[in-house]
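Notes to accompany the following structure.
Heavy-atom basis, side chains included; hydrogens, waters and symmetry copies ignored. We name chains A, B, ... by the order of the sequence lines, and we start the count at 1 in each one.
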2 protein chains.
Amino acid sequence: MELLEGKEKFIQAWGALGSNWGVNRTMAQIHALLLLSPESLSAENIMEELKISRGNANMNIRALIDWRLVYKELKPGERKEYFVAEKDLWEVVKQIIIQRKKKELEPMIKVLDEISSVEGDDIATEEFVKMVREIKLFSSKADSTLDTLVKADSNWFVGTFLKMIR
Amino acid sequence: MELLEGKEKFIQAWGALGSNWGVNRTMAQIHALLLLSPESLSAENIMEELKISRGNANMNIRALIDWRLVYKELKPGERKEYFVAEKDLWEVVKQIIIQRKKKELEPMIKVLDEISSVEGDDIATEEFVKMVREIKLFSSKADSTLDTLVKADSNWFVGTFLKMIR
DNA sequence: CTGTACTTTCAGAAATAAATGAAAGCAAAT
DNA sequence: ATTTGCTTTCATTTATTTCTGAAAGTACAG
């Protein structure tokens, strides 16, 4: 296989994967391109390689920076901005967990808290409250487990955990 | 808060959560409704409660069954089909992991295998292959870790794991 | 201050995903 | 063999998300 073909395939695949992970296709493709690129790339470079518009490139680069999956790099003497991907995949996964936990899990827990104060003395209400409490308990556990996971370092994760769990 | 209002809020929140997890909004709402419902519901019931069309209800119930998050229940003497949600949340999470791993992670690993055979003796190719191998290694580790996780039982997970990890 | 080299914004266009509802399928009941 | 009660399909419509490109913004250089 040719290098160019391989690169192309990787970008496609990473894009498809990302689009199921709260990261849109283009965002993931930019990340893929940067992952494969040993040197940093400019917005211009990215637009050309992925054949996307300036606006699209800009918006998604910024989003990647917000997610801390990409960093800005300023070359001395140059006005243009360059970008580098976070290449430590464990760091990438961690960031995604952190972001999505904040955006999804935490609001859910808040709602569960609110609705567990439903009042009424009938069976239906009791059952509802019981279920909600159960879900709340599970979510809280998931939340703290993820916190711990995120604090754990990469080597620990891939090494020790795997052994322990077997 | 009123029972009805609480129910409504939960369905909304679960729908929003689901829509970020490869489960579309309506699918997640149906699941939420069934989670809250101590008895099984018919397609008709679901259509009414969520105010959705027959086709929509049917398609999403089907999908939930495919994901093993909902089961069919046939009441003796009745022609109509009834549905119940999987209520063990750890089971729900497990199913989602299993399905998404199959649909996303495994194809990614396949692509990584393919493209790690890129040929060429220049620096660029070498760097490409190195990066791809690294990603492949990480993905395979994630894959087997998830396998192990899925095999572990709920109590072990929420209990022992949490203690161990601290 | 003015030009230059960039980055950011955003209204509208295009692409994609999801929902509708009527028609077709299916199988138990008569 | 036909009706009846329900499920499934799918072409069309509707909603949502993403992308474009031109215009506006920013800031350094001369």
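- Listed by first and then second residue, the salt bridge (charged side-chain N to carboxylate O under 4.0 Å, His left out) pairs that reach into residues 52-73 of chain A are A/E44-A/R54, A/K72-A/E81, sequence neighbours excluded.
- Interface residues of residues 35-56 of chain A facing DNA chain C, ordered by number: A/R54, A/G55; criterion, heavy-atom separation under 4.0 Å.
- Applying the side chain to side chain contact (heavy atoms under 4.5 Å, CB included) rule to B/E49 yields the partners B/K7, B/L33; only residues at least two apart in sequence or on another chain are considered.
- Taking A/D147 as the reference, A/K101 meet the side-chain hydrogen bond (donor to acceptor under 3.5 Å, both in side chains) condition, with sequence neighbours excluded.
- Qualifying ring pair (Phe, Tyr, Trp, His ring centres under 6.0 Å) partners for B/F10, counting only residues two or more places apart in sequence or in other chains: B/W14.
- Between A/T26 and D/dC19 there is a side-chain polar atom (N or O) within less than 4.0 angstrom of OP1 or OP2.
- At most 12 non-hydrogen atoms from other residues, nucleotides or ligands lie less than 6.0 angstrom from CD of A/E119.
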| query | Taking it one step at a time, do A/R100 and A/W67 satisfy side-chain contact (heavy atoms from CB on, under 4.5 Å)? | reply | CA-CA 10 Å; A/R100 300 195 60 179; A/W67 280 66; 4.1 Å; yes
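- The phosphate of D/dT7 has neither OP1 nor OP2 within less than 4.0 Å of any side-chain N or O from B/N58.
- Under a 4.0 Å N-O distance rule, the pair B/K130/B/E127 does not qualify as a salt bridge.
- Not counting sequence neighbours, the partners of B/T26 by the side chain to side chain contact (heavy atoms under 4.5 Å, CB included) test are B/N24, B/I30, B/I52, B/N56, B/N60.
- Residue A/K103 qualifies as enclosed at atom NZ: its count of foreign heavy atoms under 6.0 Å is above 12.
- Applying the side-chain hydrogen bond (donor to acceptor under 3.5 Å, both in side chains) criterion to A/K136, with sequence neighbours excluded, gives A/D113.
- For B/S19, the side chain to side chain contact (heavy atoms under 4.5 Å, CB included) test picks out B/R25, with sequence neighbours left out.
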Restricting both atoms to N or O, compile the protein contacts to nucleotides 14-16 of chain C shorter than 3.5 Å, with distance only.
none

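- A/N60 has its CG atom 15 Å from the P atom of C/dT7, to the nearest Å.
- For the pair A/M59 CE and C/dT9 C1', the computed distance is 9 Å after rounding to whole Å.
- Applying the salt bridge (charged side-chain N to carboxylate O under 4.0 Å, His left out) rule to pairs touching residues 8-23 of chain B yields A/E114-B/K9, sequence neighbours excluded.
- Counting only distance, with no hydrogens or angles, the side chain of A/S42 and the backbone of A/N45 share a donor-acceptor pair below 3.5 Å.
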Enumerate all atom pairs, one protein N or O and one N or O from nucleotides 12-16 of chain D, separated by less than 3.5 Å.
none

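- Contacts between residues 63-81 of chain A and DNA chain D, defined by a heavy-atom separation under 4.0 Å, are made by A/R79.
- When rounded to the nearest whole Å, the span between CZ of B/R62 and P of C/dA18 equals 18 Å.
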